[in-house]
Student: 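Here you go, one structure.
So that the names make sense, note that chain A is the first sequence line, chain B the second, and so on, each numbered from 1. Quick note: numbers below take in every heavy atom, side chains included, and nothing from hydrogens, waters or symmetry partners.
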2 protein chains.
Amino acid sequence: MLSRRYLPSMPSLLALEAVERLGSASAAAEELNLTQSAISRQLQVLEGQLGLSLIIRDKHRLRLTPAAQDYCREIRRALQALNQASLTLRANPNGGTLNLAILPAFGMHWLAPRLARFAAQHPEVTVNLSTRLQPFDFAISHFDAAIHYGRQDWSGVDFLPLMAEDLLAVASPGLLKTPLTQANDILSYPLLQLESRTGDWGRWLAHHGHPNQRPPAMLFDQFATMTQGAIHGLGVALLPLFLIERELAENRLTPVFGPAIPSLGSYYLVWPKDAAPRAPLASFRNWIAAERNA
Amino acid sequence: MLSRRYLPSMPSLLALEAVERLGSASAAAEELNLTQSAISRQLQVLEGQLGLSLIIRDKHRLRLTPAAQDYCREIRRALQALNQASLTLRANPNGGTLNLAILPAFGMHWLAPRLARFAAQHPEVTVNLSTRLQPFDFAISHFDAAIHYGRQDWSGVDFLPLMAEDLLAVASPGLLKTPLTQANDILSYPLLQLESRTGDWGRWLAHHGHPNQRPPAMLFDQFATMTQGAIHGLGVALLPLFLIERELAENRLTPVFGPAIPSLGSYYLVWPKDAAPRAPLASFRNWIAAERNA
DNA sequence: AATAAAACATGAGGAAACCTCATATGCTCT
DNA sequence: AGAGCATATGAGGTTTCCTCATGTTTTATT
C-alpha cells in the first residue's frame, strides 16, 4: 500500500532530479521555469521530509551525497515512467497501449511492413516498439508481449510461432577468388557470427558433413551490422534469407556454398502466461496470427 | 527532459491509484486519510490536467475507462518505485544500495550463509535480493548485478566465475528395489528435470556411454520443488551436489548410479559492462571474489 | 413503499504548499 | 579589488489542497 506520508511531492523530486543532472540549482531553475529560490526551498523541503541531508553544501556548490545519487537514479526512472504514461494517455485517450519488445532485424524486415495494416485495423491501439537483443523475463519488464527467437525454451509464457528461418552462407562477391569445392574450405575465410547464436557455424558444417567443429568467428550483436560487415568484405556470414533478399538481388552479397539450411530456432510472439487479459494484446495476437499465414 | 507541465501532482495520482484499486472514492479517502470530497476533487483535477475523462460516472459509481486502467497500471508501478526508493533511502542514508538478482537455489545454499559476512564488512551497503529464474537483459531491469548460471553466453556484461557444479543422479531410498547395473536402466524410472536445463539427462547418459538420447522427463522450474519431488519418490533427479548434502547425509536421498558429473555451466556474478561504476557493486565484487576461494 | 444507508458532487473557506521578489553572503576568476 | 555567479533566506502573494456542510441519486432494508 502506498502511504502518502513517505512520498515526496512532485516539485521536490523534479528539483532534485534536475539539480543532479544539471549540477546547480540555478540551472535547474532555468530548466523548470522556476526561480533559483524555488529550487533551493524544494531541496530543503525534501531533505526535511526524508529526514536526512541529500546535499553537501560545499563552498556554495551543491553536491549530492552518494546515497542521494542512488536515490536520484531511481526517482528519475520513475518520473520518466510517469511522464511517458501521461503523454501516451493524452495521445490516445480512448484505446489501449501495447508495449512490444522486438528483435531489430525481424522488426525491420517482417513486422514493420505489416504493422501499418494493424494500425489501420485497430486505430484505438497505440503500439510502442522497443528493441531488445535477448529474450528476457516478463516479470521484470513492462512488456505486454515480445518477439523472440529460439526454440520455445521459455517458461511461464504462451507463444505463437510466426516464422521459421533459413540461413544462407554469403559473402561479398569480391571475397572469393575461386568457388569453394567443399564446405570445409570455408574455414580459410574469416567467419562472421551473431553473439547470441554461437552454434550456427558448427551446425552448418555438420550439415555439410563436417561434424563437431566449433570454428572461431567474429562476433556481432545484431544482424544489421553483420550484414554490413559481410557486404564490405569482412568475411563469410551466415544470414537469414528473409533479411538479405535485396542484397542478393542487387549482388551485394552472393551465396558461398550450398543452399540455405533451416535455422535451429524460429520467431515467436511470446507473452506472459499469467498476465491479466488485455484487449490490445488480444487484438494484436489475432491480427498477427492471421498475418503470418498471409 | 521532464516537463513539469504534464506531470500530474502526487495527490491526484495517489487518488486515482486508490480509486482503481478500492473501487470507490470513499474507500480511497479512508485509506489515504482524506475526505471523500478531497478524492473527488483530485480526480477532477487530474482529468482537467490530462484533458480527458478517466472516469465513467455511472449511477453514482465510479468506473475507470480502459485507457485509465492502463494508465493506472503504469503509475502504480512508478509510485511504488518512488515509495520503495524513498524508504530505502531513509533506512540507509549513508551507504548505497545493491540490487542483486539471484537464483533461488544458489541464493539459499551458497549466498545466504555468506551474505552476513558481507553485511558485517560493509554495513553501509543495503543488499536487495530478488529471485529470478532466468538470465535477463540488464537494459530493461534495474539490477546492479545478478547471479546467473550458464556458460558465459551473455553479451554486454562482465562476469566473475563463482562456483562450478557437479550433478548427481539421486532418488528416494525407497524408489529403487534393486541397484541399477547400467546407466541405461535409469530410463525405466521417471526422470525429473529442470525446465531451464533440458539437456542434462542426455549429457548424463552420454557420459555413461549412451549418447544421443533425449529422454522425456517431468519438468520443474526450481530445484527446491524438484528436490522435494525426488524425496517423495516421484522419480530420479539430477541434482547439484551442493544443494543436497544434507538430504544425502540424512538418507532422504540416495545416489542411484555413478559418481557426480561436472555440470555444463557454472555460477557467475554478472554485471552490465557499460554501467557507471558504483561503490556498492565494487565492494560486493571484491568481497565475493575473495569469498569464492574460501 | 417508505426509509435508511451509502455514494458522489459542489459551494465556501481555511490551511498548507509553492513560488517570487528582494536582498544578503560567500566563492571564483581576472 | 571587483565583477560575476552561486546559494540562502525573509516577506509576501498565489495556487493547490483539503475540509465542512449540504444536496442529489442510487441501493439496501424494513
Student: Does atom CD of A:Gln69 have more than 12 heavy-atom neighbours from other groups under 6.0 Å away?
Tutor: yes
Student: Taking only the side-chain nitrogens and oxygens of B:Ser26, find out if one of them lies under 4.0 Å from OP1 or OP2 of C:dC8.
Tutor: yes
Student: Just compare C:dT20, C:dA7, D:dA8 and give me whichever is closest to any side-chain atom of A:Ser40.
Tutor: D:dA8
Student: Of all the choices, D:dT19, C:dT10, C:dT20, which nucleotide is nearest to the side chain of B:Leu34 once you look at every atom?
Tutor: D:dT19
Student: Per the end-axis method with five pairs at each terminus, what is the bend angle of the helix from C:dA1-D:dT30 to C:dT30-D:dA1, to 10°?
Tutor: 30°
Student: Considering residues at least two apart in sequence or located in another chain, which fulfil the side chain to side chain contact (heavy atoms under 4.5 Å, CB included) criterion with A:Leu87?
Tutor: A:Asn83, B:Tyr6
Student: Heavy atoms only, 4.0 Å cut-off, all strands: where does A:Ile39 land among base, sugar-phosphate and nothing?
Tutor: nothing
Student: For A:Gln84, give me all partners under side chain to side chain contact (heavy atoms under 4.5 Å, CB included), at least two apart in sequence or on another chain.
Tutor: A:Thr88
Student: State plainly whether the residues A:Arg73 and A:Glu20 are in salt-bridge range, i.e. N to O under 4.0 Å.
Tutor: no
Student: Rounded to the nearest angstrom, tell me the gap between atom CG in B:Leu43 and atom P in C:dA9.
Tutor: 8 Å
Student: Between C1' on D:dT19 and CD on B:Glu30, what's the gap in Å once rounded to a whole number?
Tutor: 16 Å
Student: Tell me if the CD atom of A:Gln222 is crowded by more than 12 foreign heavy atoms within 6.0 Å.
Tutor: yes
Student: Do any N or O atoms of the protein come closer than 3.5 Å to N or O atoms of nucleotides 20-25 of chain D, and which pairs are they?
Tutor:
unit_1 : atom_1 : unit_2  : atom_2 : d
D:dC20 : N4     : B:Ser37 : OG     : 2.9
D:dT25 : O4'    : B:His60 : NE2    : 3.4

Student: Rounded to the Å, how far apart are B:Gln44 CD and C:dT10 C1'?
Tutor: 8 Å
Student: Name each donor-acceptor pair under 3.5 Å that joins a side chain in residues 282-290 of chain A to protein atoms two or more places apart or in another chain, with its distance.
Tutor:
unit_1   : atom_1 : unit_2   : atom_2 : d
A:Ser283 : OG     : A:Ala279 : O      : 3.0
A:Asn286 : ND2    : A:Ala282 : O      : 3.3
A:Trp287 : NE1    : A:Glu291 : OE1    : 3.3

Student: Whole angstroms only, please: what is the CG-P distance between B:Leu62 and C:dA7?
Tutor: 11 Å
Student: Taking side chain to side chain donor-acceptor pair (under 3.5 Å) as the criterion, tell me which of A:Asn99, A:Asp144, A:Thr97 meets it with A:Asn128.
Tutor: A:Asn99
Student: Do any pairs count as a ring-ring contact (aromatic ring centres under 6.0 Å, His included) and have a residue in residues 80-101 of chain B, sequence neighbours left out, and if so which ones?
Tutor: none
Student: To the nearest angstrom, how far is B:Leu46 atom CG from C:dA9 atom P?
Tutor: 14 Å
Student: B:Tyr268 and B:Trp154: aromatic ring centres closer than 6.0 Å?
Tutor: yes
Student: Starting at atom CG of A:Leu14, determine the distance to atom C1' of C:dA17, rounded to an integer number of angstrom.
Tutor: 15 Å
Student: Between D:dC18, D:dT7, C:dA7, which nucleotide has the shortest distance from any of its atoms to the side chain of A:Ala25?
Tutor: D:dT7
Student: Once you round it to whole Å, what is the distance between P of C:dC8 and CD of B:Glu47?
Tutor: 13 Å
Student: How many whole angstroms separate atom CD of B:Gln49 from atom P of D:dT15?
Tutor: 15 Å
Student: Starting the side chain at C-beta, find the nucleotide from C:dC8, C:dC18, D:dC18 nearest to B:Gln42.
Tutor: D:dC18
